[in-house]
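First comes the structure, then the notes that go with it.
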There are 4 protein chains.
Amino acid sequence: MCSRTTSRSRTGRPRSLEADAAILEATRAALVELGWSKLTMGDVASRAKVAKTTLYRRWAGKNELVVDAVAVLFDELELPDLGSLQADIEHVVLQFAALLERPETRTALMAVVAESTRDQPLRERIRLSIVDRQKRLVLEGRQRAQARGELPAGRDPLATDATDDLIFDVIAGAVVHRALVSAEPVDEAWVQRFTALLIGGLGAAAAAS
Amino acid sequence: MCSRTTSRSRTGRPRSLEADAAILEATRAALVELGWSKLTMGDVASRAKVAKTTLYRRWAGKNELVVDAVAVLFDELELPDLGSLQADIEHVVLQFAALLERPETRTALMAVVAESTRDQPLRERIRLSIVDRQKRLVLEGRQRAQARGELPAGRDPLATDATDDLIFDVIAGAVVHRALVSAEPVDEAWVQRFTALLIGGLGAAAAAS
Amino acid sequence: MCSRTTSRSRTGRPRSLEADAAILEATRAALVELGWSKLTMGDVASRAKVAKTTLYRRWAGKNELVVDAVAVLFDELELPDLGSLQADIEHVVLQFAALLERPETRTALMAVVAESTRDQPLRERIRLSIVDRQKRLVLEGRQRAQARGELPAGRDPLATDATDDLIFDVIAGAVVHRALVSAEPVDEAWVQRFTALLIGGLGAAAAAS
Amino acid sequence: MCSRTTSRSRTGRPRSLEADAAILEATRAALVELGWSKLTMGDVASRAKVAKTTLYRRWAGKNELVVDAVAVLFDELELPDLGSLQADIEHVVLQFAALLERPETRTALMAVVAESTRDQPLRERIRLSIVDRQKRLVLEGRQRAQARGELPAGRDPLATDATDDLIFDVIAGAVVHRALVSAEPVDEAWVQRFTALLIGGLGAAAAAS
DNA sequence: CAATAACCGAGACGGTACGTCTTGTCTTCAG
DNA sequence: CTGAAGACAAGACGTACCGTCTCGGTTATTG
């Protein structure tokens, strides 16, 4: 969200809530039309029918604004119980791939990550708004698979966390790399091969321990 | 490399080769110091002691220049025979992680990928200069493992290619995501867990087919 | 003056009046130091401690800026009553010659006239800001001479206007040509000869009609 | 070596002379199309189908080139004997006005004069190529008028020279000022009034001495 | 119910980088 | 050797954004 978190001085005119929504919507629209690098604060302001001052009062710059604008899109990802780990993973990977097909996500995600390599606060913001929030999917999927008996129950919570992180990086990384770097389609065939590889690896790792 | 590929007009003063080298070197230096977003064409030009026109005569813009400047760094990756697939993969993954620690690669890679989502020619250039060139590592590692008997010989060359691509996306994607998105260290512990997962998956996949 | 004439948009930050003055002063200083052809907008901006955009917001380019910068200098010309037409003319011609000795006028005047041959709006601006404003001198001098009886009272106002214009072109043209084209000094001797010729011509013309 | 010497002496520099003519012609054409300030050396070179090097080998820059290109146009001015001083002057003034109507002269003349205010060698070149060459017209006209008895024979050659110069500045200055600064037509009516004024002045001056 | 304080729009401000253009010099090749 | 072709360093051009700063004016709460 924007920097104004909790403690507001209770006096003075309050900030317009419509403005916040209009700005984020305008940001997404501008991302679709122009892409990250052609998007400008001035353009977002005029799309949202808002003064530039109003933008800068809420967000420090383009990076922060765009992170907030696209973060909400990642909350669309869901993990319905499809009966098997394989099916659950395939489903969420396809959802994620569909999200990466959307121009606003496509152009914004890598850009803010690139910026974050030189900007510690931005890195934190991305982690909070996007990365950590989606780790829930791995957690939920793993627990469900354990409940089904597809995966052994982890004894060491520390090792479990590390494995969750590893799986998250593998899934998210592989899909993003396929979609944006290799620039090849994340279709059902690829997803099945990928999921099989992953589940095979998890099984082998479980057997080894 | 630069746009002048083969057919040179036989007349006029030829382009300076020193300038080419100085520009790419200056670009890398500027990336280290300033990062992607603060890097400017004018600054690169003055570092290289070259006129801006000389830059623009060779590269269409910042994106193309930076791709060429960092592409060569990826050629440092090597795959020495360490006796086992596990060791080979761990070695190259650590090398790749070290490459992503370097500020010039760190800041440039995601940025040009982000730009490429809206720029088809740039996407091609990245694929040619970086992505496809490093797939050699997967090819070589797989063939060596097959020679050692660690992996079964692939019968269907089409399926083999698809698996090579999959492995490439998984390795590169996971490492990049760990290093730049999750922003956590790619250390030996993580690499071992990751490599075990991958090799387990490959073994399971081989057993299944 | 600058393009903002009367109707100001009532909203937004008003334009800085100090900036206007600083820019015109900086322009004159740059003309003195560098001359017309070496004068650059960027240099004027940095002398005036003003952004280039501030210049371009007020003036379309170098031509318009310089016209405004030097126009005010022409207002220094005065026509004190020295008792005779001969003395009045000699005085103003010497003043004008002194003005043309100043480097800012010297270098700017012919340059903007040259540009105006291809630029109708610039021609209008020169006429308004410089030419027409100085015709007052001819008008005043002629009326004073008529009051003294040195020249007959004009009956036809149309013919009077035409004669005023003719005299203006003859005086200004001859002095400018002597000073800048022939590049010879406009000294007292020359001024006396020239004034005698002019007054003689006026007298003969009056006698003929 | 022998053949080269032969071919050199045989072909010598005929190409070079064609180039000179082509360059000056191209310069005039470019002046007509683009005017002084938009005219560039590179454009002239390509119009003349000549390398820029060839231009710079012959002329120091735009100023010198343009002076040479337009100087020849001033040689068209002639002073046929029309029977009276009044008619002779009117004729040459109209010719001069017509010359100033041509776009190449119009745009070039004031521009090079403006440049010459900061460039002594250019001032010399203009004087040699244009100014002094046209003073012949005043000399010839004055002598013819003296032969006709319209003007008294000058006794003092120094005073005569000074008067010739004065007349030259008055005629050239007034016409240029009328045409380019006041930007009003130099038509027959104006020319008659002007010539009458001038001849009246000369008569009065002669009577006075 | 006025004062106050923070908000809002509009738009000018000082800066910085852009990508292009022109200048005058230089380097190569062809004849 | 001369000339065309064109690359070169230098630097100005006019534009676009950035993030900040006035302005005049608009809500809410508070005294």
Side-chain angles (χ1 to χ4, degrees), chain A residues 8-16 19 38-46 49-62, chain B residues 4 8-16 18-19 37-46 48-58 60-62, chain C residues 4 8-16 18-19 37-46 48-58 60-62, chain D residues 1 3-5 7-8 11-13 15-16 19 37-43 45-46 48-57 59-62:
Chain A
R8 282 265 289 98
S9 58
R10 295 175 297 109
T11 174
R13 176 176 174 176
R15 287 189 182 162
S16 160
K38 308 272 183 191
L39 178 147
T40 69
M41 296 299 268
D43 183 62
V44 169
S46 62
K49 289 174 186 170
V50 142
K52 267 199 302 174
T53 329
T54 304
L55 257 78
Y56 283 107
R57 208 173 281 129
R58 289 162 162 79
W59 290 276
K62 195 165 130 169
Chain B
R4 155 193 39 138
R8 280 270 290 98
S9 59
R10 297 171 301 101
T11 168
R13 178 174 173 176
R15 290 191 180 164
S16 160
E18 291 94 348
S37 62
K38 308 273 184 189
L39 178 146
T40 70
M41 296 297 270
D43 182 62
V44 170
S46 60
K49 288 174 187 174
V50 142
K52 263 198 301 175
T53 37
T54 302
L55 258 78
Y56 283 107
R57 205 174 285 123
R58 291 162 162 76
K62 199 165 125 166
Chain C
R4 159 195 34 140
R8 280 272 290 99
S9 61
R10 298 171 302 100
T11 169
R13 178 174 172 175
R15 290 191 181 165
S16 160
E18 291 94 349
S37 61
K38 308 273 185 189
L39 177 147
T40 68
M41 296 296 270
D43 183 62
V44 169
S46 59
K49 289 176 186 170
V50 141
K52 261 199 300 176
T53 37
T54 302
L55 258 78
Y56 283 108
R57 206 173 283 124
R58 290 162 163 76
K62 199 164 125 166
Chain D
M1 195 172 291
S3 68
R4 186 175 64 184
T5 311
S7 78
R8 200 151 86 97
T11 54
R13 297 266 196 99
R15 186 92 176 92
S16 168
S37 61
K38 309 272 182 190
L39 178 147
T40 69
M41 296 298 268
D43 184 61
S46 61
K49 289 175 185 169
V50 142
K52 269 200 300 176
T53 329
T54 305
L55 256 76
Y56 281 106
R57 210 171 280 132
W59 289 277
K62 196 165 130 169

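Note on naming: letters A, B, ... go to the chains in the order of the sequence lines (proteins, then strands), and numbering restarts at 1 for each one.
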Can you check the A:R58 CZ to E:dG9 P distance for me, whole Å?
8 Å

If each of B:A19 and C:G42 is mapped to the nucleotide of DNA chain F with the nearest heavy atom, which maps nearer the 5' terminus, i.e. the 5' end?
B:A19

Go through the structure and list residues passing side chain to side chain donor-acceptor pair (under 3.5 Å) with B:T54, not counting sequence neighbours.
none

d(NZ, B:K38; C1', F:dG19) in whole Å:
11 Å

Minimum heavy-atom separation for B:A19 to B:S16, with atom names?
N-OG, 3.0 Å

Could you give the CG-to-P distance, from C:L55 to F:dT15, as a whole number of Å?
12 Å

Sugar-phosphate atoms are those with a prime plus P, OP1 and OP2; base atoms are the rest. Using that split, label each nucleotide of nucleotides 26-31 of chain E B, S or - for protein heavy atoms under 4.0 Å, 5' to 3'.
BBBSS-

Rounded to whole Å, please give me the gap between CG in D:D43 and C1' in F:dG6.
16 Å

Residue list, side chain to side chain contact (heavy atoms under 4.5 Å, CB included) with B:A45, at least two apart or on another chain
B:K52, B:L55

Separation of E:dA10 C1' from A:Y56 OH (nearest whole Å)
16 Å

Take atom NZ of A:K62 and atom C1' of F:dA16, then tell me their distance rounded to the nearest Å.
12 Å

Measure from the side chain of A:S16, starting at C-beta and using heavy atoms only, and say which of F:dC13, E:dC8, E:dC13 lies closest.
E:dC8

Return the value, rounded to whole Å, for the distance between atom CZ of B:R15 and atom P of F:dC8.
7 Å

Phosphate contact (E:dT20 OP1 or OP2) by B:R57 side-chain N/O below 4.0 Å
no

Given DNA chain F, 5'-ward residue of the pair B:A48 and D:V50, judged by closest heavy atom:
D:V50

Rounding to a whole Å, what distance do you find between C:E18:CD and E:dA12:P?
16 Å

Kindly compute the distance separating OH (D:Y56) from CE (D:M41), expressed to the nearest 0.5 Å.
4.5 Å

Side chain of A:T40 only, please: which of F:dA12, F:dC17, E:dG9 is the nearest?
F:dC17

Compute the angle between the rotation axes at the two ends of the helix from E:dC1-F:dG31 to E:dG31-F:dC1, each taken over five pairs, rounded to 10 degrees.
10°

Mind checking C:K52 for me? I need base, sugar-phosphate or nothing, with any heavy atom below 4.0 Å counting as a touch.
base

Within the structure, does a side-chain N or O atom of A:T54 lie under 4.0 Å from either OP1 or OP2 of E:dG9?
yes

Side chain to side chain contact (heavy atoms under 4.5 Å, CB included) involving C:T53 - partner list, sequence neighbours excluded
C:A51, C:R57

DNA chain E: 5'-proximal contact among B:L39 and D:G61 (nearest heavy atom)
B:L39

